[in-house]
Amino acid sequence: AQAVANADGSVTVSWSAPTEGTVTSYVILATREGQPRRAISIRLPTEPTTHTIASDKLVPGASYTFQVGPINVHTHGPPSAASAAVVVATPGAAQPPGRPGAAQAVANADGSVTVSWSAPTEGTVTSYVIL
């Protein structure tokens, strides 16, 4: 399973369908760091192989891993490997901007220095600090 934390506090989980057997539904198993497995269990139909878990089911700032298990008419199949841990965003919290492009300095004839760089492509920048 793969998991991506979204800025609104939700998490999108995606997975690949098993190549063997008939699957009638899936269950998403969420494990919050430091808590017992299956903190959240959501049963889903077979399509699509992606699901967004709403922010009201997750704790902002908490770290989670996710697994997906197939189900058929007879039993549950083994769950997928756990996703990499993701930290749930706090909705409305300011997200840090990305890294600016490499700084370039040019010495001027009057003894001053002009420093330039490209703005980051993510986030909103309100000011810069030249170090």
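Please read these numbers as outputs of a predicted model, since none were measured by experiment. Only this structure's heavy atoms are used, side chains among them; waters, hydrogens and symmetry mates stay out.
- Looking at Val13 and Val68, their side chains come closer than 4.5 Å, going by heavy atoms from C-beta outward.
- Side-chain atoms of Ile28 and His51, non-hydrogen and from C-beta on, do get closer than 4.5 Å to each other.
- Between the side chain of Glu33 and the backbone N or O of Ser63, no donor-acceptor pair lies under 3.5 Å.
- Ser83 contributes a side-chain N or O that, together with a main-chain N or O of Phe66, makes up a donor-acceptor pair within less than 3.5 Å.
- Ser16 OG to Gln2 CD: the interatomic distance, rounded to the nearest 0.5 Å, is 6.0 Å.
- Separation of atoms NZ (Lys57) and OH (Tyr64) is listed at 11.5 Å; rounding is to 0.5 Å.
- Taking each heavy atom of Ala1 and Gln67 in turn, the nearest pair found is CB-CA, 4.3 Å.
- Going from atom CD1 of Ile53 over to atom OG of Ser10 covers 9.0 Å, rounded to the nearest 0.5 Å.
- Here the closest non-hydrogen pair linking Pro120 and Gly98 is CB-O, 3.2 Å.
- Under the 6.0 Å cut-off for aromatic ring centres, Tyr128 and Trp117 qualify, their centroids lying closer than that.
- The two residues Ala84 and Thr65 make their nearest non-hydrogen contact at C-CG2, 4.4 Å.
- Both Val88 and Val59 are assigned to one and the same hydrophobic cluster, defined by single-linkage of ILVMFWY side chains at heavy-atom distances under 4.5 Å.
- With hydrophobic clusters built from ILVMFWY side chains whose heavy atoms lie under 4.5 angstrom apart, Val125 shares a cluster with Ile130.
- When every heavy atom of Val113 is checked against every heavy atom of Ala105, the shortest pair comes out as CG1-CB, 3.9 Å.
- Counted by atom type alone, Thr12 and Thr52 present one or more donor-acceptor pairs between their side chains at under 3.5 Å.
- With hydrogens and angles disregarded, no donor-acceptor distance shorter than 3.5 Å links the side chain of Asn108 to the backbone of Asp110.
- Taking every heavy atom of both residues into account, Thr90 and Gly61 meet most closely at OG1-N, 4.2 Å.
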